[in-house]
Amino acid sequence: MSEMNPFKIAQAQLDEAASILGLDEGTHQTLRRPMRELWVNLPVRMDDGNVKSFQGFRVQYNDARGPTKGGIRFHPDETVDTVRALAAWMTWKTAVVDIPLGGGKGGIICDPKSMSQGELERLSRQYIRQVGRIVGLEKDCPAPDVYTTPQIMAWMMDEYYWQKGHNEFGMITGKPIPLGGSQGRGDATARGGVYTVREACARLGIDASSTSYAIQGFGNAGQFAATLHREILGGGKLVAVSDSRGGVYSADGLDPDAIVKHKLDSGSVAGFPGTTEISNEKLLELDVDVLYPAALENVITGDNASAIQAKISCELANGPTTPEADRILHDKGVFVIPDFLANAGGVTVSYFEMVQDSYNYFWDAETVYERLNQKMTKAFNDVFEMRERYESKNIHMRTAAYLVSVQRVAEAMKLRGWT
Ligand code: NAD
């Protein structure tokens, strides 16, 4: 299944939820495909004077609950089916945290690492010249994603301004703070994930303040998880972290602030003093209370799932666990907080950014944290209670999260008279 087309995986996950919920055929079939998508051709003048034509997409998967929302990816291997799958998952993610938005995604087939800043700016502006007609605060709101940055968001927002003749900061999120960005966006994904871990500990009878934890992947999400775990849970012992260059372990615990500094100074966690080396594979199998997969997809598979010893796996990364592994983890009692719930803090604060932009009045960081906390706490508990409701079917948290989301989107479609 993990080798399959990602859109087929997304459809299979929906099919399972539809069957458990007993969705009618019309609703189910409407949810199996995007509401609309735009394919665009983007001619861009390169630094050598030649014009290169890039292919781009914008998929608006479902907007029954509100304007679609989702990132724009710049990637050489981008495909429309990847964008469709990610747009479907955004639909479930916005629904599980109950923000009034739908799901969308965009992508451009390009290799940003081989492009100059000038070429990236011209490509970003050209994308908005093409998709500007279908995006906007009330239609579809993009955001940064793989290889797209706050600077790219600023160029896109500016291009939209030239098209429309007025500023509309809320047409895109993840912008720099001086251009309508939100406080608290940087650490929102990790923060939201740690809030769900706190709730999981409460439900499972684990003392959150004395949890041991390990983090695979030490980028934006992983680094903030290292420090926020202790800050939010009031304690905890970080025993291992890793990145693409290797991992480090200490049974006595690592100082989260010092390891973040080491990573920023040296570019890797490898070689952090007073630690032993650990491979990325072994890190996943450590006997810890909380494991944060925060790097890549498909790292917990049918091959290693039975070796996972963590009590809780909080999926900050998208898609770290294959469907086969999900079942194994569930059967051996590993409690998985599924990706589109665990990492929904990012889109939630993006939604707060849209709200602040639309009334042109900005909140301080404490207000953002408090509102994020409320959203994540409720989302976790809605999913946990759904799991209990379907206990007789022995479902795991990922299926429960699908049930919550699909039910909400289906209800919105029915109320609107679509189905
Ligand atoms: P990032 O690029 O900042 O960091 C990725 C980290 O993973 C880097 O430290 C990299 O060295 C490490 N890595 C790469 N290959 C690895 C390997 N084989 N083993 C271990 N580590 C490896 O990315 P990020 O923004 O932190 O995102 C991480 C994951 O979280 C992705 O799956 C992303 O889709 C997901 N996510 C992030 C956000 C967000 O707001 N940042 C929101 C939702 C989901």
Side-chain angles (χ1 to χ4, degrees), residues 6 69-75 78 82-83 85-87 89-90 92-94 96-97 103 105 107 112-113 142-150 153 173-175 181-182 184-194 196 214-228 240-249 259-260 262-264 266-270 272 277-286 291-301 304 313-321 337-353 368 372 376:
K69 174 123 198 71
I72 299 172
R73 295 153 43 98
F74 283 6
H75 202 277
E78 193 63 285
T82 309
V83 178
L86 290 161
W89 288 322
M90 283 305 295
W92 315 135
K93 192 184 289 199
T94 53
V96 85
V97 277
K105 208 75 173 189
K113 288 187 174 168
D145 207 296
V146 173
Y147 294 138
T148 51
T149 58
M153 299 305 107
T173 59
K175 301 178 298 295
S182 178
R185 179 63 187 84
D187 68 9
T189 300
R191 184 176 289 276
V194 175
T196 65
I215 303 172
Q216 185 191 55
F218 216 52
N220 173 288
Q223 287 174 35
F224 281 117
T227 50
L228 289 171
V241 298
S242 67
D243 60 27
S244 57
R245 291 206 243 152
V248 292
Y249 169 80
I259 188 99
V260 169
H262 180 81
K263 164 87 182 175
L264 296 177
S266 72
S268 175
V269 298
F272 185 63
E277 271 182 43
I278 185 167
S279 69
N280 264 302
E281 295 71 30
K282 283 284 163 242
L283 179 142
L284 293 173
E285 297 171 8
L286 286 173
L291 172 67
Y292 290 96
L296 306 172
E297 61 282 0
N298 297 340
V299 292
I300 303 177
T301 67
N304 64 353
S313 172
C314 175
E315 297 182 341
L316 295 178
N318 281 318
T321 310
I337 308 175
D339 50 6
F340 73 91
L341 169 62
N343 67 33
V347 72
T348 303
V349 174
S350 275
Y351 159 63
F352 294 162
E353 183 174 333
V368 171
L372 176 63
M376 297 304 300

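For ligands, and for the atoms within them, numbers begin at 1 and follow the listed sequence.
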**Q** Could you tell me whether the side chain of Asp339 and the main chain of Gly319 form a donor-acceptor pair under 3.5 Å?
**A** yes
**Q** For ligand 1, find each of its N or O atoms that sits under 3.5 Å from a protein N or O atom, and tabulate the pairs with distances to one decimal place.
**A**
unit_1: ligand 1; atom_1: 3 (O); unit_2: Asn220; atom_2: N; d: 2.9
unit_1: ligand 1; atom_1: 9 (O); unit_2: Phe218; atom_2: N; d: 3.1
unit_1: ligand 1; atom_1: 9 (O); unit_2: Phe218; atom_2: O; d: 3.4
unit_1: ligand 1; atom_1: 9 (O); unit_2: Gly219; atom_2: N; d: 3.1
unit_1: ligand 1; atom_1: 11 (O); unit_2: Ser244; atom_2: N; d: 3.0
unit_1: ligand 1; atom_1: 11 (O); unit_2: Ser244; atom_2: OG; d: 3.3
unit_1: ligand 1; atom_1: 19 (N); unit_2: Asn280; atom_2: OD1; d: 3.2
unit_1: ligand 1; atom_1: 19 (N); unit_2: Asn280; atom_2: ND2; d: 2.9
unit_1: ligand 1; atom_1: 26 (O); unit_2: Asn220; atom_2: N; d: 3.1
unit_1: ligand 1; atom_1: 26 (O); unit_2: Ala221; atom_2: N; d: 2.8
unit_1: ligand 1; atom_1: 30 (O); unit_2: Leu316; atom_2: O; d: 3.1
unit_1: ligand 1; atom_1: 32 (O); unit_2: Ala295; atom_2: O; d: 3.3
unit_1: ligand 1; atom_1: 32 (O); unit_2: Asn318; atom_2: N; d: 3.0
unit_1: ligand 1; atom_1: 34 (O); unit_2: Asn318; atom_2: ND2; d: 3.0
unit_1: ligand 1; atom_1: 40 (O); unit_2: Thr189; atom_2: OG1; d: 2.6
unit_1: ligand 1; atom_1: 41 (N); unit_2: Asn220; atom_2: OD1; d: 3.4

**Q** Can any side-chain N or O of Asn304 pair as donor or acceptor with the backbone N or O of Val299 at less than 3.5 Å?
**A** yes
**Q** For Glu353, is there an ion pair with Lys175 - N to carboxylate O distance below 4.0 angstrom?
**A** yes
**Q** List for me each residue that meets ring pair (Phe, Tyr, Trp, His ring centres under 6.0 Å) alongside Phe352, sequence neighbours excluded, and say none if there are none.
**A** Trp363
**Q** Please identify each residue that fulfils ring pair (Phe, Tyr, Trp, His ring centres under 6.0 Å) with Phe340, with sequence neighbours left out.
**A** Tyr402
**Q** For Phe272, check ring pair (Phe, Tyr, Trp, His ring centres under 6.0 Å) against everything at least two apart and list the hits.
**A** His262
